[in-house]
Enquirer: 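Take this structure first; my questions come after.
Order of appearance sets the numbers: ligands from 1, and atoms from 1 within every ligand. Bear in mind that the values here come from a model prediction, so they are computed numbers and not experimental data.
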Amino acid sequence: MGKNKRKNKQQQQQSPSLVQTPTQTQSEAASGSASGTTSASGSAAGNQTSESHIVQDKNKIDGKRFPSLSGRRGELNALVVRLLELVAMQPANPNEEWKQYVELQLQLQRIMVLEEPLQKAVCLDATDDQSRQAKVTAFSEWAKAGGVKTDCLEIAIFPGYQLGLRATQDIAAEQPVLSVPRTLIFSEEHLPETDRKLFCNFPLLTNFNLAYALVIEKVRGPDSVWRPYIDVLPARYNTVLYFSIEQMQRLRGTAACTSALRQCRVIARQYANMYKCAHIRPDASSASSMGVLFTQHGLCYELYRWAVSTVMTRQNLVPRELQANDDGDDLSQLPISALIPYWDMANHRPGKITSYYDSGVHQMDCTAQEACKAGEQFFIYYGDRSNADLLVHNGFIDVNNRKDYVKIRLGLGLSDALVEQRAKILARLNIERKAELRVLPAPDYISGELLAFVRVFNMSADQLEHWGSDLERAVDLLHIDCALETDHETRTWQYLYQRLKLLLGVLEATFKESDELQQLEKIQLTEKQEVNKELPGQEIDLLVVQYRRLERRILTDALEYAQERCKV
Ligand SMILES: C[S@@+](CC[C@H](N)C(=O)[O-])C[C@H]1O[C@@H](n2cnc3c(N)ncnc32)[C@H](O)[C@@H]1O
């Protein structure tokens, strides 16, 4: 989240996404005995016969009772097997990717219906801002008792942001406003050793470890020392894991769509793999097991997407306290994902990073990035992120994002006889043969790397020979005013023009600009009519349409710019 100014202070970083699958491990078998029935709350399709009731086969775990879902197990297993088959397929193109996503979502919806009794048992009540706000006093007292220090901030509701931090007095720029001691920073390190050994074997996947730790604490309920904090967390998020198929459909054609679909696929795969360890191929001989999250901690898809989304939208990286694992590996250089209670109530506004972890005193310190008057919302800066990243990983976008960009994918053709010469020049510029490059908002339009790639891509054999013979000069290609032959420069801008036109064409074909505007007006109208009422899904609808419009603006401006350059 910015530059590290102080020597012994480590930078806080929001880690962008949960994108890897933890290595699959073996599981203990599920256990439990039948002790009652409740009626099933929905029907679910599957290969196996569904029963119209569930056996309230309760397992006593951690002093809790969870429905084992044994009456629905066969049907659930069949759905998860199908999920595993689906996620094993690598889609070859955007259409296949979309079809895969739709089928995945349909399976997950059925799974969620079948898992509903479990979902209710692990207390995922729908909470709105008001009910979260009601728990703020208990949380603030808990935080204060645990050593959080602030004399100028309080938690309040801010429409459009849910909860946030409000200044209780005038705050000057750079004034220290908040500190959170290590003992109140939540990470996998807080789990009892037995749990840590089971779930936290992959130090590089620290964000997953944090999600697992959160599941465990969430399910402990009143027995968890973190309960006051967990109680004020949102019950749902606007991350892509909560998008309906229709909402995701409106993201089609945008640069954010592929990573949104990938994110959904990855999380579905993790869920399905853990489920498999618990219920499909449990191996009781292995003590180490992700399946235990299901069998002992009541995991279900709803709880998993909640935990993952909590981590995605709130995590930060801090230095580890435990610097080695049981195998004696040195982990000191690997930061750990953590949730920082109270501080994580701060919303984002463009500015600079002003939060640092102080390893000397083991606490996170935050200063004000700008002056803030009493009663106003206090913001922090989350770091440089494109709106596509914010949308996919944080569930919001910043309409004033100065660091926004639209990614486009370019690659050297395999059949190109000059591919090696081109790759050599690109390598000098640290650009891969297949690269994701940036279209920027006005007044920059085209990033240096994108321009250089297209210039190299359009070089003739002679031009490649010329630039390849003195690679030191290659950096000039990153600059707009690099001296190039006129026809080469024209080809470059024509190529960019065509490419941008194509991208805008895809945007228009998937959801017309006129429809975007119409939808925006509709949302704004209902917002006015339904003041103070939360309409389900409306925030996501708005998010998606705003995102589309911002992406369209960037591409349109860059297209006009490229057109001008073609004339030069
Ligand atoms: C670290 S939390 C901040 C506290 C959060 N508002 C809450 O109610 O718990 C990050 C989340 O806050 C919301 N948020 C933060 N900055 C925002 C902004 N500039 N505009 C809209 N939502 C924002 C997003 O939902 C984001 O995922």
Enquirer: Could you label the plane-to-plane angle of the Tyr229 and Trp226 rings as parallel, tilted or perpendicular, counting under 30° as parallel and over 60° as perpendicular?
Expert: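 Tyr229 vs Trp226 ring planes: perpendicular.
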Enquirer: Under 4.0 Å from any heavy atom of Gln162, which atoms of ligand 1 are there?
Expert: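 Numbered from 1, ligand 1 contributes 8 (O).
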Enquirer: Which bit of Tyr161 gets closer than 4.0 Å to ligand 1, counting heavy atoms only: side chain, backbone, both or neither?
Expert: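 The answer is both, backbone and side chain.
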Enquirer: Looking at Glu97 and Arg252, is any side-chain nitrogen of the basic one under 4.0 Å from a carboxylate oxygen of the acidic one?
Expert: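 Salt bridge: no.
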Enquirer: Any Lys/Arg nitrogen of Lys99 or Glu103 sitting under 4.0 Å from an Asp/Glu carboxylate oxygen of the other?
Expert: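 No, no charged N to carboxylate O under 4.0 Å.
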Enquirer: Taking a cutoff of less than 4.0 Å between a non-hydrogen atom of the residue and any ligand atom, is Phe158 in contact with ligand 1?
Expert: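 It does not, in that no heavy atom of Phe158 comes within the 4.0 Å cut-off of ligand 1.
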Enquirer: Would you mind running through ligand 1 and noting each atom that sits below 4.0 Å from a heavy atom of Gly160?
Expert: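 This gives 21 (C), 22 (N) as the contact atoms.
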Enquirer: Is Ala346 close to ligand 1, meaning an N/O of one under 3.5 Å from an N/O of the other?
Expert: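 No, since none of the N or O atoms of Ala346 sits under 3.5 Å from an N or O of ligand 1.
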Enquirer: Heavy-atom distances under 4.0 Å are what count here, so tell me which part of Phe379 touches ligand 1: side chain, backbone, both or neither.
Expert: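 The answer is neither.
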Enquirer: Which ligand 1 atoms, with their elements, are less than 4.0 angstrom from a heavy-atom of Thr313?
Expert: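 Atoms satisfying the 4.0 Å criterion: 1 (C), 10 (C), 27 (O).
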Enquirer: Counting heavy atoms only, name the option from Leu543, Ile397, Asn347, Leu339 that's nearest to atom 14 (N) of ligand 1.
Expert: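 Checking each option, the heavy atom nearest atom 14 (N) of ligand 1 is found in Asn347.
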Enquirer: Taking atom CD as the centre, does Glu376 end up with more than 12 heavy-atom neighbours from other residues, nucleotides or ligands that are less than 6.0 angstrom away?
Expert: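 Enclosed: over 12 neighbouring heavy atoms sit under 6.0 Å from CD of Glu376.
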Enquirer: Please identify each residue that fulfils side-chain hydrogen bond (donor to acceptor under 3.5 Å, both in side chains) with Thr310, with sequence neighbours left out.
Expert: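 Testing Thr310 for side-chain hydrogen bond (donor to acceptor under 3.5 Å, both in side chains), a comparison that skips the adjacent residues, returns Tyr237.
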Enquirer: For ligand 1, which atoms, with element, lie under 4.0 Å from some heavy atom of Asn394?
Expert: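 Those qualifying, in numeric order: 24 (C), 26 (C), 27 (O).
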Enquirer: Any ion pair linking Asp398 and Lys403 (charged N to carboxylate O, less than 4.0 Å)?
Expert: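 Judged by the 4.0 Å cut-off on N to carboxylate O distance, Lys403 and Asp398 do not form a salt bridge.
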Enquirer: Under 4.0 Å, counting heavy atoms only: does Asp398 come that close to any atom of ligand 1?
Expert: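 Flag not set, Asp398 not near ligand 1.
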Enquirer: Please determine whether a side-chain nitrogen of the Lys or Arg among Glu189 and Arg182 lies less than 4.0 Å from a carboxylate oxygen of the Asp or Glu.
Expert: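 So Glu189 pairs with Arg182 through a salt bridge.
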Enquirer: Please determine whether any non-hydrogen atom of Arg349 lies less than 4.0 Å from an atom of ligand 1.
Expert: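 It does not, in that no heavy atom of Arg349 comes within the 4.0 Å cut-off of ligand 1.
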Enquirer: Could a heavy atom of Asp344 be found less than 4.0 Å from some atom of ligand 1?
Expert: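 Within the 4.0 Å threshold, so yes.
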Enquirer: Whether Arg220 and Glu217 form a salt bridge (side-chain N of Lys/Arg under 4.0 Å from carboxylate O of Asp/Glu) is what I want to check.
Expert: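 Salt bridge flag = yes for Arg220 with Glu217.
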